[in-house]
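Beneath this line is the structure, given in structure tokens, with notes to follow.
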Amino acid sequence: MPVNLKGRNFLTLKDFTPEEIRYMLDLAHELKTKKRLGIFNRTMENKNIVLLFEKTSTRTRCAFEVAANDEGASVTFLSNSQMGKKESLEDTAKVLGRFYDGIEFRGFKQETVELLAKHAGVPVWNGLTDLYHPTQILADFMTIEEHVHKPLNKVKLVYVGDARNNMGNSLMIGSAKMGMTFVAIAPKNLWPDEKLVAEMNEVAKETGASISFSESIDAVEGADAIYTDVWVSMGEEDQFEERIKLLTPYRVTPEMMKKTGNPECIFLHCLPAFHDLETSVGREIYEKFGITEMEVSDEVFRSTASKVFDEAENRMHTIKAVMVATIGK
Ligand code: CP
Ligand code: NVA
């Protein structure tokens with residue numbers, strides 16, 4: 001069956017089959033190659049999209065804007081709308097659906113993006129919620145395909161850190177769908193919701209994926225890619241003290257990379273990352289807790305194993321693929 005994603009929402013990778021995810025990844029690789037060659041098919045000419053942001057962003061916003069521009073669409077960035085304050089989500093979705101061909105939402109609750117999708121009548125794309133970050137996973141898997149020369153179902157992806165945040169959840173879902181070996185290393189109280197794990201274990205039975213959890217960093221052995229994310233996600237800024245205590249043993253260091261036993265192991269991070277003192281938050285943390293780096297050491301971040309800037313670039317190609325697949329002509 002040929003894949004057809006026209007008119008679909010993109011709220012979580014749970015809603016997509018492995019074939020559909022494969023299709024979006026292939027399209028992203030193709031669009032990246034074409035852009036390098038100066039070929040633009042302009043499949044979104046005369047389309048309009050709106051980007052709704054409740055939380056801050058660099059990559060996601062810019063990826064949507066540049067991708068839309070490459071494909072000929074116009075963009076509205078909206079971070080101060082009436083939504084939820086003077087106008088319900090339902091009414092906002094109905095209004096935006098009359099103006100726009102697609103809606104991106106980044107914010108707190110997954111229910112918000114689901115409600116928008118229910119009432120907008122046009123595709124809604126999840127640009128990150130507390131629960132999921134599905135466009136990020138496409139970029140991560142695309143980067144793995146560029147640097148780990150194995151099919152995804154032969155790849156061992158090890159996620160270290162806060163395994164119950166949007167990245168931990170979404171990497172587990174994506175890995176289950178694509179038949180990968182996924183290991184999350186974290187203190188037990190930061191493991192994902194049991195119901196989601198059970199659901200993904202069911203998916204894994206069909207795809208041949210393996211999902212496991214460990215509190216020990218010894219479980220990095222044999223990793224093709226080590227992935228980490230911030231210890232404190234947007235909206236949880238009161239948690240720094242506790243997370244630093246819990247997660248310091250899980251910082252990605254040169255020793256951890258060595259422990260994989262795989263000299264080819266790559267390092268990934270969705271970014272932004274706390275790896276030095278060049279940010280105001282980083283300096284505040286240093287003044288309070290005396291640490292100069294959090295989830296990843298500056299050495300690993302800047303090493304040749306680190307593919308984080310390819311990964312950041314791939315946000316644009318994969319987000320373009322999602323939009324072209326769902327609303328492109
Ligand atoms: N990785 C990511 O989503 O980055 P931004 O928060 O900058 O969009
Ligand atoms: N877990 C992070 C991801 C940022 C891209 C957050 O939600 O802040």
Side-chain angles (χ1 to χ4, degrees), residues 10-13 28 49 51-68 75 77-79 104-110 112-113 125-144 159-174 184 186 190-193 196 225 227-240 242-244 246-247 250-252 267-275 278-282 285 294-296 301 306-323:
F10 188 82
L11 307 181
T12 159
L13 288 181
I49 67 163
L51 311 180
L52 289 173
F53 278 78
E54 286 179 349
K55 289 178 175 172
T56 52
S57 168
T58 298
R59 276 146 292 273
T60 308
R61 175 186 177 177
C62 297
F64 271 98
E65 294 219 13
V66 172
V75 181
F77 176 75
L78 203 52
S79 62
E104 181 272 0
F105 171 79
R106 162 172 289 201
F108 294 90
K109 294 187 184 149
Q110 180 67 16
T112 305
V113 79
W125 309 298
N126 182 355
L128 177 149
T129 62
D130 290 345
L131 217 51
Y132 304 124
H133 195 5
T135 61
Q136 178 71 51
I137 306 310
L138 294 181
D140 301 338
F141 288 3
M142 181 178 186
T143 312
I144 290 175
Y159 177 84
V160 194
D162 179 5
R164 39 100 271 160
N165 72 8
N166 40 24
M167 285 311 308
N169 289 341
S170 302
L171 285 168
M172 174 173 66
I173 296 166
L190 294 178
W191 290 7
D193 177 58
L196 181 63
Y227 199 117
T228 192
D229 183 17
V230 289
W231 289 345
V232 170
S233 287
M234 289 181 272
E236 300 182 327
E237 287 77 5
D238 57 342
Q239 308 270 319
F240 272 110
E242 194 197 321
R243 292 286 167 74
I244 288 169
L246 271 173
L247 288 170
Y250 297 89
R251 174 177 301 131
V252 181
F267 170 72
L268 297 173
H269 189 310
C270 53
L271 305 184
F274 291 112
H275 60 95
E278 299 303 316
T279 63
S280 57
V281 174
I285 295 297
M294 283 195 269
E295 69 275 10
V296 56
F301 188 86
S306 173
K307 305 301 174 197
V308 296
F309 296 110
D310 287 340
E311 189 183 2
E313 178 190 333
N314 288 339
R315 295 298 309 288
M316 199 275 291
H317 304 296
T318 45
I319 280 172
K320 189 189 282 179
V322 170
M323 289 196 291

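Both ligands and their constituent atoms are indexed starting at 1 by order of listing. Residue numbers start at 1 and run along the sequence shown.
Asp162 has its side chain out of reach of Gln239: every pair of non-hydrogen atoms, C-beta onward, lies at least 4.5 Å apart. Counting only heavy atoms from C-beta outward, the side chains of Met323 and Phe10 never approach each other to under 4.5 Å. The shortest distance between side-chain heavy atoms of Thr60 and Leu128 does not fall below 4.5 Å.
Residue-ligand proximity, Cys270 to ligand 1, at heavy-atom distances under 4.0 Å covers atoms 1 (N). Ligand-side atoms of ligand 1 in range of His133: 2 (C), 3 (O), range being under 4.0 angstrom from any heavy atom. Numbered from 1 in the order shown, with element, the atoms of ligand 2 that lie under 4.0 Å from a heavy atom of Leu271 read 5 (C).
In this structure, Tyr159 and Tyr227 have tilted ring planes: the angle between them lies in the 30° to 60° band.
Residue-to-ligand polar distances keep Lys55 apart from ligand 2: every N/O pair is separated by 3.5 Å or more. Residue contacts with ligand 2: Val230 is placed with no nitrogen or oxygen under 3.5 Å of a nitrogen or oxygen of the ligand (distance criterion only). Some N or O of Asn166 is nearer than 3.5 Å to an N or O of ligand 2, by distance alone. Ligand 2 has a nitrogen or oxygen under 3.5 angstrom from a nitrogen or oxygen of Ser233.
At most 12 heavy atoms of other shown residues, nucleotides or ligands fall within 6.0 angstrom of atom NZ in Lys109.
The protein heavy-atom contact nearest to atom 7 (O) of ligand 1 is Thr58 N, 2.6 Å. Residue, atom and distance of the protein heavy atom nearest to atom 6 (O) of ligand 1 are Arg106 NH1, 2.8 Å. The protein non-hydrogen atom at the shortest distance from atom 4 (O) of ligand 1 is Arg59 NE, 2.8 Å.
For the side-chain contact (heavy atoms from CB on, under 4.5 Å) with Pro192, the lone residue among Asn169, Ile173, Leu171 that qualifies is Asn169.
Using a 4.0 Å cut-off between heavy atoms, Leu128 makes no contact with ligand 1 at all. Of all the heavy atoms of Arg315, the ones lying under 4.0 Å from any atom of ligand 1 belong exclusively to the side chain. Residue contacts with ligand 2 for Leu128 involve side-chain atoms from C-beta outward but no N, CA, C or O (heavy atoms, distance under 4.0 Å).
Atom CG of Leu52 is separated from atom CZ of Arg106 by 12.5 Å, given to the nearest 0.5 angstrom.
Counting only N and O atoms by type, the side chains of Thr129 and Gln110 include a donor and acceptor under 3.5 Å apart.
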